[in-house]
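Residue numbers run from 1 in the order of the sequence given.
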Amino acid sequence: MKKKWLVAIPAIALVASPLPFQTADASSEIESVQMSELPPELEPILNVAPEHQPTLQQGSTGIEVEFVQVTLNDSGFETEVDGLFGAQTDEQVRQFQSEHGLAVDGIVGVETWTAMFNEHQEVIFPVEKAITYAEEALDNDDLVFSSDGVLHKDSDGKVFYSLKAQSQDLIDGGGTGTVGFYDVYQNGDVVESKPR
């Protein structure tokens with residue numbers, strides 16, 4: 001009888017305790033997996049600013065069209081990746097533009113390139129990664145970090161999230177707990193800032 005209890009107690013504890021991955025957003029995990037599969041030959045496109053990318057439209061061909069098609073697929077707009085900007089790609093670009101509040105013209109210009117780059121950037125540098133950087137840099141178990149999830153860009157073109165740091169002890173004591181604000185960059189830099 002005693003042996004059965006020894007087996008049952010850990011099983012009950014496992015069922016009763018919350019698992020750390022229960023709070024993860026499944027859709028963002030799927031997007032991370034999909035978006036991280038950018039073919040290596042397309043990755044250099046991310047190193048060229050949107051304003052220096054070619055304007056693409058129906059009839060365009062090339063590696064940039066492949067990048068657009070991969071991005072459309074990763075964003076949920078099923079498109080054949082063949083490097084040919086045909087009617088299907090045009091239709092999906094228009095859907096992408098509509099979803100992102102852009103001019104719906106089927107032309108991949110600066111604004112559409114920027115939106116597509118942002119799709120990749122948010123996956124490469126999710127807000128969860130920024131929070132991890134802040135936790136490591138500030139190394140204080142009492143701090144809780146939050147963000148509105150907006151990816152900002154500074155004057156040098158470096159991307160960052162603005163995080164609010166709160167003291168759990170102060171929150172438990174009935175206060176707001178806010179103790180500071182930080183800008184957390186993709187390279188791991190954590191810089192004290194003001195609220196945005």
Side-chain angles (χ1 to χ4, degrees), residues 24-131 133 146-164 181-187 189 193-196:
D25 179 7
S27 64
S28 67
E29 288 298 316
I30 292 169
E31 287 176 11
S32 294
V33 170
Q34 290 175 344
M35 294 290 282
S36 65
E37 295 177 2
L38 185 64
E41 66 272 13
L42 300 180
E43 289 177 8
I45 293 173
L46 290 170
N47 297 327
V48 178
E51 58 269 18
H52 299 295
Q53 293 291 346
T55 300
L56 304 174
Q57 58 191 346
Q58 197 162 357
S60 297
T61 61
I63 194 164
E64 293 86 358
V65 175
E66 286 183 43
F67 178 90
V68 167
Q69 291 169 330
V70 167
T71 303
L72 290 169
N73 279 318
D74 291 342
S75 299
F77 303 101
E78 191 174 324
T79 309
E80 183 179 352
V81 179
D82 59 5
L84 304 172
F85 199 127
Q88 181 194 29
T89 301
D90 179 76
E91 180 183 327
Q92 300 300 38
V93 165
R94 289 173 189 270
Q95 289 293 322
F96 178 90
Q97 290 170 327
S98 176
E99 187 174 287
H100 288 81
L102 303 170
V104 181
D105 56 11
I107 297 172
V108 181
V110 175
E111 290 182 7
T112 304
W113 274 113
T114 300
M116 290 190 170
F117 276 34
N118 286 341
E119 290 285 316
H120 287 281
Q121 196 63 50
E122 289 172 10
V123 172
I124 294 167
F125 181 44
V127 69
E128 294 81 10
K129 190 177 235 180
I131 290 172
Y133 286 156
S146 61
S147 172
D148 61 4
V150 175
L151 193 60
H152 301 278
K153 192 178 283 190
D154 68 12
S155 59
D156 295 328
K158 296 178 184 173
V159 294
F160 66 92
Y161 288 101
S162 180
L163 302 183
K164 177 168 65 172
F181 294 86
Y182 298 89
D183 291 341
V184 182
Y185 287 82
Q186 186 173 4
N187 67 358
D189 288 346
S193 68
K194 297 178 181 177
R196 297 192 185 280

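Considering all non-hydrogen atoms of both residues, Phe77 and Gln92 come closest at C-NE2, 3.7 Å. Contact between Val150 and Tyr161 at its shortest, heavy atoms only, is O-CD2, 3.3 Å. For Ser75 against Glu119, the heavy-atom pair with the smallest separation is OG-OE1, 3.2 Å. Nearest heavy atom pair, residue Val70 against residue Leu42, reads CG2-CD1, 3.8 Å. Nearest approach of Trp113 to Ile45, heavy atoms of both residues: CZ3-CG2, 4.2 Å. Closest approach of Glu64 and Pro54 over heavy atoms only: CG-CG, 3.8 Å.
Screening Thr79, Asp82, Asp74 for a side chain to side chain donor-acceptor pair (under 3.5 Å) involving Gln69 leaves a single residue, Asp82. Just one of Ile107, Val108, Thr61 meets the side chain to side chain contact (heavy atoms under 4.5 Å, CB included) condition when paired with Phe85; it is Val108.
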task = Test Val65 against Leu84 for side-chain contact (heavy atoms from CB on, under 4.5 Å), laying out the working first.
result = CA-CA 6 Å; Val65 175; Leu84 304 172; 5.7 Å; no

ask   = Step by step, would you call Arg196 with Asp183 a salt bridge (charged side-chain N to carboxylate O under 4.0 Å, His left out)?
value = CA-CA 10 Å; Arg196 297 192 185 280; Asp183 291 341; 2.6 Å; yes

task = Start with the C-alpha gap between Asp189 and Val184, add the side-chain angles, then the distance that decides, and say whether side-chain contact (heavy atoms from CB on, under 4.5 Å) holds.
result = CA-CA 6 Å; Asp189 288 346; Val184 182; over 6 Å; no

task = Would you check, one step at a time, whether the test side-chain contact (heavy atoms from CB on, under 4.5 Å) holds for His152 with Val159?
result = CA-CA 5 Å; His152 301 278; Val159 294; over 6 Å; no

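The closest donor-acceptor contact from the side chain of Ser147 to the backbone of Gly149 lies under 3.5 Å. When atom types are taken as modelled, the side chain of Gln97 and the backbone of Gly106 share a donor-acceptor pair closer than 3.5 angstrom.
Residues that satisfy the side chain to side chain donor-acceptor pair (under 3.5 Å) test with Asp90, not counting sequence neighbours, are Arg94.
Between the side chains of His100 and Glu111, no donor-acceptor pair is found at a separation under 3.5 Å. Side-chain contact of Asn73 with Glu78: a donor-acceptor pair under 3.5 Å is absent, judged by distance alone.
Interatomic distance, Ser193 OG to Tyr182 OH, rounded to the nearest 0.5 Å: 9.0 Å. The CG atom of Asn187 lies 6.5 Å from the NZ atom of Lys158; values are rounded to the nearest 0.5 Å. If you take OG1 on Thr55 and CD on Gln57, they are separated by 8.0 Å, rounding to the nearest 0.5 Å. Taking CG from Leu46 and CD from Gln53, the interatomic distance works out to 8.5 Å, rounded to the nearest 0.5 Å.
Checked against the 6.0 Å centroid threshold, Phe160 and Phe125 do not count as a close aromatic pair.
Contact check for Leu72 versus Met116: side-chain heavy atoms found under the 4.5 Å cut-off. At a threshold of 4.5 Å between non-hydrogen side-chain atoms, the residues Phe181 and Lys194 do not count as touching.
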